[in-house]
Undergrad: 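Just passing along the structure, written as structure tokens.
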Amino acid sequence: MTAQGTRLRGGDVVLAAGIVMVAVQLVWKYELVRRTFFRQDDFHYIIRGQESGFTWDYLMWVDVGHLLPGGFGISWAMARLGGYNEVLAHTMTIALQAGAGLALLRLLRLLFGARPAILVPLGFYLLTPMTIPSLSWWAAVLETLPLQLALPMALSSHLLYVRDGRVRHVVAACAWTLFGLLFFVKAAFIPILMLVLTAGWLTRASAHEATAAWKRLWRYWRAWLPYTALLAAYSWIFFTGLYNSVQINNATQTPGLPDPAVAGEFFWMLGSRGLIPSALGGPWQWRPIGDDYAMAAPPDALIWAGLAITAAVVAVSVRWRRRAWLAWLTLLGYFLLADVVPVLLGRIELLGPGILGYELRYLAATATVVAIVLGLAFIPLDGEAQPWLRPRTRLRWAWAPLAAAVTAGSVWSVAAYADRPLGRTVRDYVGTATLALTRVPRGTAVLDTYVPPGVAAAAFFHDYALHSKVLGVPHPWPVTWLRELSGPVPNPLTFDAQGRLRPVAIQGLRLPQRRGCVPVGPSEVRFRLPGRLPGGVYTAQISYLNSASTTLSVRLGLGVTEVRAGKDLGRTFARIAGEGGELSIRTKGNGPPACLGEIRIGHPTPDDTAPAIPPQPVDS
């Protein structure tokens, strides 16, 4: 058997092993993905997709610095394919994860050849907990996984162009970069990585040709020209949309750098608490954010141990591997520009570095870059002359125990993340609320309140967090949604904490009428409250027994409102802003008098003593 045949067979074994590794991690991660459900931004994206046409303005809306027309297009389609279609979402997630793993395997094989060593950076990417939180969040999947697929595919196409000069590879590189840009603004750094890779590794014939390498870059102007044009066009679209897009809180975006101390703290926190621990198999512990998400919470001792190990790994690679320093500098630059700066320009002032510094979602796509950098720092390129600064020693297998520890830590960290309800709580709430709406008659009055913060936080999503919005996908329900109780609403219902419908009860102060009803005419009748109400907005429930319909004027301090009161026995609701210890009521104008019974004033809540619809919540 020839040496070439032996090499080809060895290469086939490495390729097969890489494919098996990708397949195994898909099975492993599917166990986590299948338990997830939609959350937070996911509802906003799908609801907005249902409400919008497939227009340029819809696709190019910039959401707090995020431009993802591809993600909005998928959300638009999801709203019309069953709305919260878990099967479709999970299938797409696993398909993108498979594509990202195979794309990285292809790039590593092109860069370093089909040597067994490429399985180490591939294994890092497949195992690292750095990507796990984003897998449990559909909105994060729409951004990060397409980039994890596009980045190695674009680099592979550019590498092929450098090797054979065929323009079709430039076209493919541009297409993959554009694909990434459709989903995540961080794809704008792909051409920069192409430039660094070309200057640092692909154009150097020896260790002493740095000047010649930069000159040889100009040989590839057919690539740099379309790459630059693509970035320029995207930048114009992005910044135009950034300054013109009105957010869901009716504000416009005005990005700006925070205080340097805040910026420095966030850089340190995200690097020392996020990037380095997760690159070494951490964070080992998690800080739960509700039932379906968690941030990194690495122990302090392991943080400092991780920093020491990282310093040692970098030092060893720089001592032995030629241009390892450039590999690590590339990672540092990408981390700073792609992970740190966008957060500093966006939401750092809202939540602060003490929280966002533990958010691994910002690092999901960086896992691909870390894998590539690991290869460049330790593995010779295919056909590279003189890759080592010093002769290899007997300690060249010293990395194996560290790799085993990182593997064990990664498995532990992922298992710890999965040891929570994940999407079950939100799935059960949406399922229960949907079932409740199927069991009430058409036209039933339902008070349209916000869903629990764990489903969609009203502080961030405003009206998109209302039950009518969240539950109105893919089709609105034939009930009467009420934003507030006003007038004689018959038997209004509202959702309890588990998603069941219950009658509305006014929780607050109660004024019983022990002597029948109190006549009320054009002159105000004052009802003394059991306690003084501080300034705020309240709902008054007023029972009546009237001979004819009339209009009531209700006053609380300086706040006045008018509501109808029907004929015969019933009750009406008045929403009023004010404060004081008395509620004053009179009939409006020359209308017929009213006779009022029990009065309650406070805030509408579900009546936990009344029967619920359905009797038991859905339990998945």
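The shown structure was predicted, so the numbers you read here are calculated from the model rather than taken from an experiment.
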Undergrad: Of the non-hydrogen atoms in Leu110 and Ser156, which two are nearest, and what is the gap between them?
TA: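 Scanning both residues completely, I find the closest heavy atoms to be CD1-CB, 3.7 Å.
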Undergrad: Asn85 and side-chain contact (heavy atoms from CB on, under 4.5 Å): which partner among Met78, Met92, His90?
TA: Met78
Undergrad: Check whether Trp388 forms a cation-pi arrangement with Arg322 (NZ or CZ under 6.0 Å from the six-membered ring centre, at most 45° off the ring normal).
TA: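 Checked: cation-pi criterion not met.
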Undergrad: Is the closest side-chain donor-acceptor distance between Tyr125 and Gln148 under 3.5 Å?
TA: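 Yes, side-chain donor-acceptor contact under 3.5 Å.
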Undergrad: Quick check, are the ring centers of Trp61 and His44 under 6.0 angstrom apart?
TA: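 Yes, the ring centres sit under 6.0 Å apart.
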Undergrad: Do Asp63 and Tyr45 have a side chain donor and acceptor closer than 3.5 Å?
TA: yes
Undergrad: Between the side chains of Trp176 and Ser157, is a donor N or O closer than 3.5 angstrom to an acceptor N or O?
TA: no
Undergrad: Compute both the distance and the angle, then confirm whether Arg48 meets the cation-pi test with Tyr464: under 6.0 Å from the six-membered ring centre, within 45 degrees of the axis.
TA: no
Undergrad: For this output row, return yes or no: ring centroids of Tyr450 and Phe461 closer than 6.0 angstrom.
TA: no
Undergrad: Would you check, one step at a time, whether the test side-chain contact (heavy atoms from CB on, under 4.5 Å) holds for Val196 with Leu329?
TA: CA-CA 10 Å; Val196 174; Leu329 187 61; over 6 Å; no
Undergrad: Would Ser136 and Tyr417 count as having a side-chain donor-acceptor pair, cut-off 3.5 Å?
TA: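 On atom types as modelled, these side chains qualify, holding a pair under 3.5 Å.
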Undergrad: Which residue is it: Arg34, Lys29, Arg35? I am looking for the one with a side-chain hydrogen bond (donor to acceptor under 3.5 Å, both in side chains) to Glu31.
TA: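 Output: one option passes, namely Arg34.
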Undergrad: Using ring centroids (six-membered ring only for Trp), state whether Phe267 and Phe335 fall under 6.0 Å.
TA: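 Yes, the ring of Phe335 comes within the 6.0 Å limit of the ring of Phe267, centre to centre.
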